[in-house]
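Note that the structure is a prediction, hence the values are computed from the model and not measured. Both counts, for ligands and for their atoms, begin at 1 and track the order of listing. This chain uses plain numbering: 1 for the first residue, then up along the sequence.
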Amino acid sequence: MVRCNELALFTEEPGRITRPYGTPSLAAAREKVALWMQEAGMEVRIDAVGNLRGRAHGSAPTMPALLLGSHLDSVRDAGRYDGPLGILVAIEVVDSVRARHWTLPFPVEVIAFADEEGLRFQTSYLGSCALAGSFAPAFLDLIDADGVTLHEAVGTFGGDPGALPAAALRPREARAYVEVHIEQGPYLESVDAPVGVVTAIAGQSRILTAFSGEAGHAGTVAMHLRRDPLSAAAEIVLAAEDLARQTSGLLATVGTMDVTPGASNVIPGQVRFSLDVRHPEDAVRTSAVAAMERRAHEVAVTRSLGVEWKIARDHPAVPCNGSLTTQLAEAVAAAGLPVEWLPSGAGHDAVVMSEVVPVAMLFVRCAGGISHHPAESVLTSDVAAAIDVLDRFVTMLADEKRE
Ligand code: GLV
Ligand code: MN
Ligand code: MN
C-alpha cells in the first residue's frame, strides 16, 4: 500500500495521477519498480517497447516461465491501484518465496507493462502486444496530441523500434500469464468477498472518428447555411448512448472530443472524437459498431459533412483458461475465502497475452466499484488476501511440478 502511494507521485500532471506511455514520469516509476524487483532478488531488463521484466530464475531457468504482473501506465486523473497493484502484489509473492529461502522449480517473471490504457496514442495494449508478438509495424506511425510519433516515443523511452519483433516471447518461453487487478466494479463488494476469480474479459472496440464541415463566424452565418461538425458529433454521442441503453449489456462511451479551431465565437470546422464500445458477446459489439458507423454516415450526408471512421482497436472477448482459473479458485478456497466468479468489463493486458499463453486473473474488491477516478480505493486486508492467494497459487504450481 505504501508502494502504491509512492508510485502515485510519479505523474505528468502535478496534483493528479496521469502517467501515459513513454513519458518521464512513467520512466521514473519504472526505475522505482525495477529497484523493488531487484530487492526481491529479481534480475531486471527493459524490452524494446519499454516493458520492465523482472525475473526470478528458480532452479530450472530454462523451463517456461510463469508470468505475473500488470501495467504501470495510467489514464488521465487516475486512481493509484489500476495496474500498479497487480505488479506490486506479484513482487510481494516473489519476495515472500525468497524470504522463505525457497527456490521455485520454474522461473517467475513479473512484468510491468508500459501501455495498457492507450492514453497517449489513443490505442491500448502496446506493451503486451510487443511481448505477444502482435505489435503491428503500423503502430509506430501513430501520432500523439503533440505530433510526436510512437516511433520517436519508443526511442526516448529507452526502447528500440527496430528490435520490437525480437521482444516477442519465444515458443516455450512462458507457460502462463496471471494478473491481479482491482475489480473496477461493485460485484465483490456486494457479495462481501475480498477477491474474485475472473471467468472472461469483455471484448472492446475503440473507434476514432471525425466530422469536418466549415468554420465560420458565429454572428453572421445563418443557421440553415451552416455545416457544423459539432452538432453532428452531438447526434452521434446521443445515438450511441441510446443504442447502449436499449441493448442489454452494451456499453458505449465518448471520452474525448477535440473541437477545432475552438473559439466561442467560431462555428467549428472539425471535430474529432473517440467511441469505446464493449459487450461480453462479440456479435453484439460488432453489430453495434456497424450500426454506429451507418449512423455517422447518415448524419454526415444529412448535414453535408465529411466523415472519418477508423477502428483503432478491436479486441474479441477472451475466456480465462479453465485449469488455471480452477487452480486460482482452489488457492482462494485454501486461503479460507469465499470463491466468487465474475467477468471483467474492463480490458487488461491478459487479453493480448491470451494470444500466446493461457491466462487467468484475480480481482480485488474496490470501494464502490470506483475506478479510472482518483477516489479508487482498496482495503489493506483485501490486498493481503490477494498476496496470500497468489502465493498459494504459485506454490500449488510448484508442487505440481515436483509430483
Ligand atoms: C482499461 O482500463 C480499459 O478497460 O479501458
Ligand atoms: Mn488496468
Ligand atoms: Mn484502466
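Between Glu340 and Arg365 there is no salt bridge, since none of the side-chain N atoms of the basic residue sits less than 4.0 Å from a carboxylate O of the acidic one. For Arg245 and Glu241, the salt-bridge test passes: some basic side-chain N is under 4.0 Å from an acidic carboxylate O.
In Arg278, the part holding a heavy atom less than 4.0 Å from any atom of ligand 1 is the side chain. Under 4.0 Å from ligand 1, the heavy atoms of Glu117 that appear belong solely to its side chain. Residue contacts with ligand 1 for Arg206 involve side-chain atoms from C-beta outward but no N, CA, C or O (heavy atoms, distance under 4.0 Å).
The distance criterion of under 3.5 Å between nitrogen or oxygen atoms is not met by Asp82 with respect to ligand 1. Below 3.5 Å of separation, one finds an N or O of Gly347 facing an N or O of ligand 1.
No other N/O/S atom of His71 lies as close to the Mn ion (ligand 2) as NE2 does.
Within a 6.0 Å sphere centred on CD of Glu355, other residues, nucleotides and ligands contribute more than 12 heavy atoms. Counting heavy atoms of neighbouring residues, nucleotides and ligands inside a 6.0 Å radius, atom CD of Gln38 exceeds 12 of them.
Ligand 1 lies nowhere less than 4.0 angstrom from a heavy atom belonging to His71.
For His372 atom NE2 and Glu117 atom OE2, the angle they make at the Mn ion (ligand 3) is roughly 110°, to 10 degrees.
Using modelled atom types, one finds a donor on one side chain and an acceptor on the other under 3.5 Å when comparing Glu12 with Ser25.
When each atom of ligand 1 is checked for a heavy atom of Ala346 under 4.0 Å away, the hits are 4 (O).
Contact annotation: Asp82 places an N, O or S atom under 2.8 Å from the Mn ion (ligand 3).
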Name each donor-acceptor pair under 3.5 Å that joins a side chain in residues 137-144 to protein atoms two or more places apart or in another chain, with its distance.
{"unit_1": "Asp144", "atom_1": "OD1", "unit_2": "Asp146", "atom_2": "N", "d": "2.8"}
{"unit_1": "Asp144", "atom_1": "OD1", "unit_2": "Gly147", "atom_2": "N", "d": "3.0"}
{"unit_1": "Asp144", "atom_1": "OD1", "unit_2": "Val148", "atom_2": "N", "d": "2.8"}
{"unit_1": "Asp144", "atom_1": "OD2", "unit_2": "Arg120", "atom_2": "NE", "d": "2.9"}
{"unit_1": "Asp144", "atom_1": "OD2", "unit_2": "Arg120", "atom_2": "NH2", "d": "3.1"}

Discussion item. For Asn265 and His217: C-alpha separation, side-chain torsions, deciding distance, then whether side-chain hydrogen bond (donor to acceptor under 3.5 Å, both in side chains) applies.
Written reply: CA-CA 7 Å; Asn265 58 350; His217 199 294; 5.6 Å; no
